[in-house]
Engineer: 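Below is a structure I'd like to ask you about.
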Amino acid sequence: MRPSRAFRLLPSLLVLPLVALPANEASAQNFFEELFGIGKAAKPPVPPRGVPPAGAPQPGTLLPPGTAGETASEAPKAAPAPLRPVVLKTPSDDNILGQELMLNGLTGSLKIDRAGGAATARITLPGTKVSQPNETCKVPLSGGSPISLSSEGRPQGVARYEIAGGECPLRFEILEGSVLVTPLGSNRVCSFAAADCATTPVGLWGPAAATLIPRSAEFDSGRGVADKAVRDNFKVMTQRARGQDVRTIVTEQAAFSSDREQTCRTYAREGAHGFCNVRFTEARALSLAARLGANTSTPTASTTPRPRKAKPAVEGMNPDGDGSPFGE
């Protein structure tokens, strides 16, 4: 029996796909993937953008109550939590008692004591001669006798005392290891005709630079904490302010940076220790906290530097040497 025509063409049909196969292996793999439905043909088509998937409700369709879509769309957004003031440790009134402080750590003398519960001060003001501005002079207030200080509480977060009358009305704000002195009035200069001396006692009265330089790391760490406290309290003030009050607060903050620079640039060797900058910044942070109504007797941040962790010993190091792996 002769084979049918279809049977005779079967070998040719089997050979034809093999002849049509691409030459390289990658193309051949793609061909077989498409042939057996495991390539791109097996992946469902991606709907165009903006078209909801099958089964999803069409835009404008009312959803039944309690559905996830309605709950998510109607869920109220939580309001941001209000910021809270940052309070640094308030300096004790007694932390400078009996210490002899100098204006800018250089000259003059200020010593605050207590007598029968009342604060007194002995102060010698440095200045220049009126007749000879190139020459220096010193004037002891009240002839060098103790002067009674009136307590004004803590209106700006730190203890405040004043000499309201006399030859040179002054205000004293007690900081950590120092006293910030400002005039009681617009005149920064106190002149003494009998002594032919003009004095400018405004500024930070504190220790000499030689005693501060070994503590420069402590002051640097404290400055970082104080700067952050000022920024945080500034944010709280602007958050609570309304309208034009925000501009006033921003202007005041800019003036603080200028005042700090003007006050501290004359402190002895300030660049080597940073004592004036950290104390001035701490005072600003406490002032803002007090104005925000915070309880300044309960600190929420500390400027005390954290102890550094000792570095682990390295094998081969000489503990009695200078840190080199091998002794010289």
Side-chain angles (χ1 to χ4, degrees), residues 85-105 108-126 139-190 192 199-207 222 226 229-230 233 252 256 259-260 263 275-276 278-303:
V86 177
V87 181
L88 301 179
K89 180 182 178 182
T90 305
S92 169
D93 299 21
D94 301 335
N95 88 90
I96 45 86
L97 292 183
Q99 299 183 36
E100 186 171 4
L101 308 176
M102 297 178 289
L103 177 59
N104 295 320
S109 176
L110 171 62
K111 190 175 182 181
I112 298 178
D113 286 300
R114 287 194 181 276
T120 62
R122 295 176 184 265
I123 181 169
T124 299
L125 304 179
V139 178
L141 287 185
S142 190
S145 301
I147 305 173
S148 297
L149 302 177
S150 62
S151 176
E152 303 298 323
R154 298 175 180 269
Q156 297 294 324
V158 298
R160 175 183 290 181
Y161 296 90
E162 291 181 357
I163 302 176
E167 306 162 288
C168 190
L170 296 172
R171 173 178 293 151
F172 304 87
E173 291 180 303
I174 309 302
L175 309 183
E176 189 68 32
S178 58
V179 176
L180 184 63
V181 178
T182 53
L184 279 179
S186 57
N187 192 5
R188 297 168 59 92
V189 179
C190 294
F192 302 87
T199 68
T200 307
V202 178
L204 189 72
W205 294 65
V230 169
N233 290 343
E252 180 186 334
F256 154 70
D259 293 342
R260 180 175 60 185
T263 300
F275 174 77
C276 179
V278 68
R279 296 298 179 247
F280 199 90
T281 308
E282 289 170 351
R284 170 67 175 174
L286 286 168
S287 173
L288 293 176
R291 290 165 56 183
L292 289 166
N295 183 7
T296 55
S297 62
T298 306
T300 60
S302 174
T303 57

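All heavy atoms count here, side chains included; hydrogens, waters and symmetry mates do not. Not measured: the values here are computed from a predicted model.
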Engineer: Compile the donor-acceptor pairs under 3.5 Å between side chains in residues 167-174 and protein atoms, sequence neighbours left out, one pair per line.
Structural biologist:
residue, atom, partner, partner atom, Å
R171, NE, E162, OE2, 3.1
R171, NH2, E162, OE2, 3.2
E173, OE2, R160, NH2, 3.2

Engineer: Tell me, do L288 and V230 make a side-chain contact under 4.5 Å, heavy atoms counted?
Structural biologist: yes

Engineer: Just how far is it from atom CG of L88 to atom OG1 of T281, taken to the nearest 0.5 Å?
Structural biologist: 10.0 Å

Engineer: Could you list the donor-acceptor pairs under 3.5 angstrom formed between side-chain atoms of residues 199-206 and any protein atom two or more places apart in sequence or on another chain?
Structural biologist:
residue, atom, partner, partner atom, Å
T199, OG1, C190, O, 3.1
W205, NE1, P201, O, 3.0

Engineer: For D259, which residues count as a salt bridge (Lys or Arg N to Asp or Glu O under 4.0 Å) partner, sequence neighbours excluded?
Structural biologist: none

Engineer: What distance do L149 atom CG and T120 atom OG1 have between them, rounded to the nearest 0.5 Å?
Structural biologist: 6.5 Å

Engineer: What heavy-atom pair brings S297 and P299 nearest, and what distance separates the two atoms?
Structural biologist: O-CD, 3.5 Å

Engineer: R122: what forms a salt bridge (Lys or Arg N to Asp or Glu O under 4.0 Å) with it, not counting sequence neighbours?
Structural biologist: none

Engineer: As an exercise, state the distance from CG of N104 to SG of C276, rounded to the nearest 0.5 Å.
Structural biologist: 7.0 Å

Engineer: Roughly how far apart are I96 CD1 and K111 NZ, rounded to 0.5 Å?
Structural biologist: 11.5 Å

Engineer: Which heavy-atom pair separates V86 from A301 by the least distance, and what is that distance?
Structural biologist: CG1-CB, 3.7 Å

Engineer: Only pairs at least two apart or in different chains count here, so list each side chain to side chain donor-acceptor pair (under 3.5 Å) that has a residue in residues 90-101.
Structural biologist: D93-R154, D93-Y161, D94-R114, E100-S109

Engineer: Are S287 and N233 packed together at the side-chain level, in the sense that at least one heavy-atom pair is separated by less than 4.5 angstrom?
Structural biologist: no

Engineer: Which residues pass the salt bridge (Lys or Arg N to Asp or Glu O under 4.0 Å) test with R291, sequence neighbours left out?
Structural biologist: E252

Engineer: From L103 CG over to T124 OG1, what is the distance, rounded to the nearest 0.5 angstrom?
Structural biologist: 12.0 Å

Engineer: Nearest heavy-atom pair of I147 and S142: which atoms, and what distance?
Structural biologist: CG1-CB, 3.7 Å

Engineer: Looking only at heavy atoms, which two atoms of F256 and R284 are closest? And how far apart?
Structural biologist: CE1-CB, 3.4 Å

Engineer: Please find the pair of heavy atoms, one from A283 and one from L175, that lie closest to each other, and give the distance.
Structural biologist: CB-CD2, 3.8 Å

Engineer: Of all the heavy-atom pairs spanning V158 and P91, show the shortest one and how long it is.
Structural biologist: CG1-CD, 4.0 Å

